[in-house]
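When a residue number appears, it is its place in the shown sequence, counting from 1.
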Amino acid sequence: MKRTWAILLLVCLGSLLNAQTSGTLTVKVMTSSTGGNYAPKNIVAIWIEDSTGKFVKTLLAYANTRKTHLNTWEASSTTAGSAFNTTDATTGATQSSHGTRTCQWNGTNYSGNVMPDGNYKVRMELTDKNATGNTASFTFIKGPNSQTLTPANVPSFSSISLNWITTTTGLNMEVTASNTYIVYPNPGKGKFTVLGENIKRIEVTDLTGKMICKSILPVIDLTAQPNGLYLFSIHTDKETVVQKIRKD
């Protein structure tokens with residue numbers, strides 16, 4: 001029995017280390033010319049890459065017929081197998097002037113899957129000629145802590161703001177050797193098991209705070225619920241621990 005518990009604990013700890021915080025990244029930037037022959041007309045793209053440089057999702061693309069001149073964006077999205085992908089992105093035609101561009105990232109990739117917490121890059125590219133223009137890259141951390149970054153100005157991009165706001169705050173996500181509460185599998189298909197000592201009750205809510213179910217039993221069945229993120233509030237005599245769980 002002890003060996004089974006140890007195996008389950010290792011598996012579940014691995015899932016917890018691959019946390020997936022829900023939140024929204026808002027990107028704001030003022031664009032300016034590269035000095036190209038079509039200025040002030042310009043095309044621009046903003047997208048997300050992971051820490052290895054792999055394309056995640058396009059946030060903004062003001063470029064239609066001339067998008068092939070955004071060579072860096074094209075290469076990134078093409079390598080991912082979806083050239084010029086604009087799923088959920090803010091899109092439009094060639095811009096006739098410069099101004100503040102605003103877009104958001106909901107923490108998912110272009111397939112709609114929630115990305116794990118970690119370092120990500122906001123990539124930007126702008127050109128006003130039939131050739132590669134200016135590019136920029138800014139790193140931020142997707143995680144449980146909200147943050148606002150204001151990187152220094154670079155050619156064609158100024159007044160930059162990266163604002164990451166988590167959907168939920170103030171959650172106790174600590175796992176310690178003496179007081180461990182785990183929900184597995186994570187992600188899972190519908191039935192989840194809660195492991196831990198002295199659990200009095202378990203409450204499950206969605207990210208809006210809507211109560212889904214309550215239970216004094218360790219097995220929670222969410223088979224009838226839609227796929228997405230849920231919060232498991234594990235209540236004991238001394239504390240309440242909240243774990244974020246994804247149902248696929």
Are any of the side-chain heavy atoms of [X] and [Y] separated by less than 4.5 Å?
{"X": "K247", "Y": "F192", "result": "yes"}
{"X": "Q147", "Y": "I141", "result": "yes"}
{"X": "L162", "Y": "F138", "result": "yes"}
{"X": "T90", "Y": "L59", "result": "no"}
{"X": "T150", "Y": "I160", "result": "no"}

Original post:
So is R66 actually on top of Y38's ring, under 6.0 Å and inside 45° of the axis?
Top reply: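 Geometry flag: set, cation within 6.0 Å and 45°.
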Original post:
For F84, is the NZ or CZ atom of K67 found under 6.0 angstrom from the centre of its six-membered ring and inside 45 degrees of the ring axis?
Top reply: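 Yes, K67 lies over the aromatic ring of F84.
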**OP:** Please check if atom NZ in K129 has more than 12 non-hydrogen atoms from other residues, nucleotides or ligands closer than 6.0 Å.
**Re:**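 Result for NZ/K129: enclosed.
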Is [Y] reachable from [X] through a run of hydrophobic residues whose side-chain heavy atoms are each under 4.5 Å from the next?
{"X": "M124", "Y": "V44", "value": "yes"}
{"X": "M30", "Y": "L25", "value": "no"}
{"X": "I48", "Y": "F55", "value": "no"}

Original post:
Among all residues two or more places apart in sequence or in another chain, which pass the side chain to side chain donor-acceptor pair (under 3.5 Å) test with W73?
Top reply: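 Scan of W73 (side chain to side chain donor-acceptor pair (under 3.5 Å), adjacent residues dropped) gives T58.
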Subject >> Side chain N153, main chain S159, donor-acceptor under 3.5 Å >> reply: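 Answer holds: yes.
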Subject >> Basic-acidic side-chain contact under 4.0 Å: D237, K200 >> reply: yes
**OP:** Using a strict cut-off of less than 4.0 Å between a Lys/Arg side-chain nitrogen and an Asp/Glu carboxylate oxygen, indicate whether D88 and K57 qualify as a salt bridge.
**Re:** yes
Going by atom type alone, with no hydrogens or angles, which donor-acceptor pairs under 3.5 Å involve a side-chain atom of residues 210-221 and a protein atom two or more places apart or on another chain?
from: S215; atom 1: OG; to: L217; atom 2: N; distance (Å): 2.9
from: S215; atom 1: OG; to: L217; atom 2: O; distance (Å): 3.2
from: D221; atom 1: OD1; to: T223; atom 2: N; distance (Å): 2.9
from: D221; atom 1: OD1; to: T223; atom 2: OG1; distance (Å): 2.5

